[in-house]
Amino acid sequence: MDIPMNKQLLKTSGLVVVLLVAYLMLSDRTPEKEPGASWSFPEITALDRIELNRNGETISAELSESGWWLQSPVAFSANTQQMDSVERLFANPERPLIVDNEKPATAENLTRYGLDQDTAFTVAVFDGGEPVSTLTLGRNDEMTNGPSRTWVHPEGMDSIFRFNQDLLRVLDKETVDWRNKDVVRLDDEEKERLFALDISYGEHSLTLERNASEEGEWYASNPEGVAIDNRLVENFVRSISAVRAQDFADDATPEETGLDLPQHTITLHTDETTEYSIQFGHTTTEIPEDEDAPHRYVRLNEGPVYLLRGNSADRLMKRLGDFIPTPVLDNELDSVVAISVRDSGGDRITLQRNDEDVLGWSMRQPRRLDTVNETQMQRLLSNVADLDAGRFADEEITAALAGLDSARRQITVTMDDGSEHLIELGGPVQPLEADDAPEEADRFARVDGGQIFELRGHKARVLLTSVEQLLPEEED
């Protein structure tokens, strides 16, 4: 009885195999060929031009003595990083384009692999001024391991081919991504030659010059005699030497951009005849269309108008106060023996360091307590002893404008040698919105009646410590 059953099983298995082979043949009648079976991408020795056409729009770039330049749709220097990627794609002998799959260029295959005329995306590659290959780019095959692989249809051939690399990742870019977005980019040699910075804003002007000595430190020649922090200037030079935009505003008028009367101008002098003048105009939220964040119109010399992210532009729009050394109090914590606080409403807090045989601090006003909250006390002490300004305020900020003619809080710090320092906290640097927390705001401040500075919100919050925060935990 076992023998007939085995024969039946064998017949059934054979039928399944026949049906499976038939299914595979019907589902894909065009078998894959071995890599490079009938065509290979030509070797390129001197890539010097590329032309792309997609949906009727042409992008072309050509190599000149000064580098790659776009010819269409706008004459402009090309994005260096983008063109490096193109060169690595088409003219890299260490990683050449290799055909790893091939199929007949039937109507069905052209549609299936995104190569039909309705979705045509073509690229023409030139070597020594002569076109060597024109490809229609299709869709990608996603690979389990490794990069995606792109299907192409070489012009005039009756087969389509799949490359071992992802061409779309490099070539499928918007026009703006082919343009050079560098507003300014100094090379190392130019940065070494940089000897002066001119900054103008409103009615104010500032000139920083590099000392001709071997150290090459920066100083202010206008206004004269102002102490400048060389480290802050060097940090700024690194930032302003490489400014990259997000987009362009080719059709905007000078009046629309505010560049007819720039709000801020920074000029870099690299030698007696070469200067880079960066002008900052209005902000806009209308362009780029896909971003809600504000962008600022920027221009180099009399060149094209760029769009720079608002926060990036703000960090570059430096003023005199941004280069002045920021420490305004520099004392050891142990040298502070008393702190007296007086608010504009008349409330007072008096804190005193205990004698050596009694550790910690005590409160004398508004309550008499032998101990206070040590954690909060250490925060307050570290800020009144060693206080750094965020930045010094602009020249036009007066005590009245800063809210320091009737300060919100005055803090008198008594040192162990009997000397005293007066810290005054004024109004917020920026007007508060309805949902803003006043205690979180950056505030104007000054020490001992000196220059007004902007105190960062987290430091101002500590200096606005309340009586309740200073109570020991058991009292709280």
Side-chain angles (χ1 to χ4, degrees), residues 197 199-206 208 218-220 222-236 239 264 311 314-333 335-336 339-344 379-415 419-432 436-465:
L197 298 167
I199 302 175
S200 62
Y201 48 95
E203 299 179 356
H204 306 286
S205 63
L206 166 67
L208 303 174
W218 291 88
Y219 67 96
N222 175 38
E224 292 186 52
V226 177
I228 293 297
D229 188 326
N230 184 72
R231 176 183 57 84
L232 296 175
V233 181
E234 288 290 353
N235 290 341
F236 175 63
S239 299
H264 210 97
N311 54 2
D314 292 344
R315 286 194 291 267
L316 295 175
M317 297 169 69
K318 300 293 188 186
R319 304 186 176 204
L320 175 61
D322 294 303
F323 301 110
I324 297 176
T326 56
V328 288
L329 281 178
D330 186 13
N331 298 296
E332 297 293 332
L333 270 62
S335 64
V336 179
I339 300 172
S340 177
V341 178
R342 180 176 180 177
D343 289 334
S344 56
R379 290 196 190 105
L380 178 61
L381 182 62
S382 62
N383 278 273
V384 299
D386 185 10
L387 184 63
D388 281 0
R391 68 179 295 274
F392 284 91
D394 299 330
E395 297 90 320
E396 63 266 23
I397 300 298
T398 63
L401 290 173
L404 290 167
D405 51 353
S406 55
R408 171 172 177 174
R409 171 166 283 194
Q410 294 180 324
I411 304 173
T412 302
V413 184
T414 304
M415 314 304 294
S419 62
E420 292 183 341
H421 296 290
L422 177 63
I423 304 171
E424 298 173 276
L425 295 181
V429 174
Q430 299 293 336
L432 296 178
D436 287 343
E439 65 274 10
E440 300 290 339
D442 291 0
R443 289 188 173 275
F444 289 113
R446 65 181 173 187
V447 173
D448 297 334
Q451 188 170 350
I452 298 171
F453 59 90
E454 297 173 7
L455 188 64
R456 294 290 180 251
H458 66 280
K459 291 180 177 290
R461 183 175 68 250
V462 174
L463 295 185
L464 290 171
T465 295

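Note that the OG atom of Ser340 and the CD atom of Glu420 stand 8.5 Å from one another [nearest 0.5 Å]. Interatomic distance, Leu329 CG to Asp386 CG, rounded to the nearest 0.5 Å: 8.0 Å. Between atom CD1 of residue Ile397 and atom CZ of residue Arg446 there is a gap of 13.0 Å, rounded to the nearest 0.5 Å. Atom-to-atom distance recorded for Glu395:CD and Leu206:CG is 8.0 Å, nearest 0.5 angstrom. A distance of 6.0 Å separates CD1 of Ile228 from CD1 of Ile324, quoted to the nearest 0.5 Å.
Between Asp405 and Thr398 there is no side-chain heavy-atom pair separated by less than 4.5 Å. Between Arg409 and Leu463 the shortest side-chain heavy-atom distance does not fall below 4.5 Å. Within the 4.5 Å cutoff, the side chain of Val341 has no heavy atoms near those of the Thr465 side chain. Side-chain contact between Ser205 and Asn222: present, with at least one pair of heavy atoms (C-beta onward) separated by less than 4.5 Å. Between Leu320 and Tyr201, the closest side-chain pair of non-hydrogen atoms falls below 4.5 Å. In this structure, the side chains of Arg379 and Val462 come closer than 4.5 Å at one or more pairs of heavy atoms. Ile411 has its side chain within reach of Ile339: a pair of non-hydrogen atoms, C-beta onward, lies under 4.5 Å apart. Contact of the His458 side chain with the Arg461 side chain is registered, since non-hydrogen atoms from C-beta on lie closer than 4.5 Å.
Counting only distance, with no hydrogens or angles, the side chain of Asp442 and the backbone of Gly457 share a donor-acceptor pair below 3.5 Å. Put simply, the side chain of Asp322 gets close to the backbone of Arg319: a donor and an acceptor are under 3.5 Å apart. Between the His204 side chain and the Ile199 main chain, no donor and acceptor come within less than 3.5 Å of each other.
A pairwise comparison of heavy atoms in Ala407 and Ser344 identifies O-CB, 3.4 Å as the closest pair. Contact detail for Ala399 and Ile452: the closest heavy-atom pair is N-CD1, 3.7 Å. Minimum interatomic distance between Ala460 and Leu425 (heavy atoms only, all atoms of both residues): O-CD1, 4.4 Å.
Around atom CD of Glu396, more than 12 heavy atoms belonging to other residues, nucleotides or ligands sit under 6.0 Å away.
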Problem set entry | Criterion side-chain contact (heavy atoms from CB on, under 4.5 Å) on Asn230 and Trp218, from CA distance to verdict | CA-CA 5 Å; Asn230 184 72; Trp218 291 88; 3.3 Å; yes
Exercise. How far apart are the C-alpha atoms of Leu208 and Phe236, what are their side-chain angles, what is the distance that settles it, and do they pass the side-chain contact (heavy atoms from CB on, under 4.5 Å) test?
Worked result: CA-CA 12 Å; Leu208 303 174; Phe236 175 63; 5.7 Å; no
For this session: Could you give me the CA-CA distance, side-chain angles and deciding distance for His421 and Leu387, then say whether side-chain contact (heavy atoms from CB on, under 4.5 Å) is met?
Result: CA-CA 11 Å; His421 296 290; Leu387 184 63; over 6 Å; no
For this session: Under the side-chain contact (heavy atoms from CB on, under 4.5 Å) rule, what do Val328 and Ile423 come out as? Steps first, then yes or no, please.
Result: CA-CA 10 Å; Val328 288; Ile423 304 171; over 6 Å; no
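Take Asp448 and apply the salt bridge (charged side-chain N to carboxylate O under 4.0 Å, His left out) test, not counting sequence neighbours, and it matches no residue.
Screening Glu424, Arg408, Glu454 for a side chain to side chain contact (heavy atoms under 4.5 Å, CB included) with Arg443, the sole residue that qualifies is Arg408.
Note: Phe392 and Phe453 have perpendicular aromatic rings, judged against thresholds of 30 and 60 degrees for the angle between ring planes.
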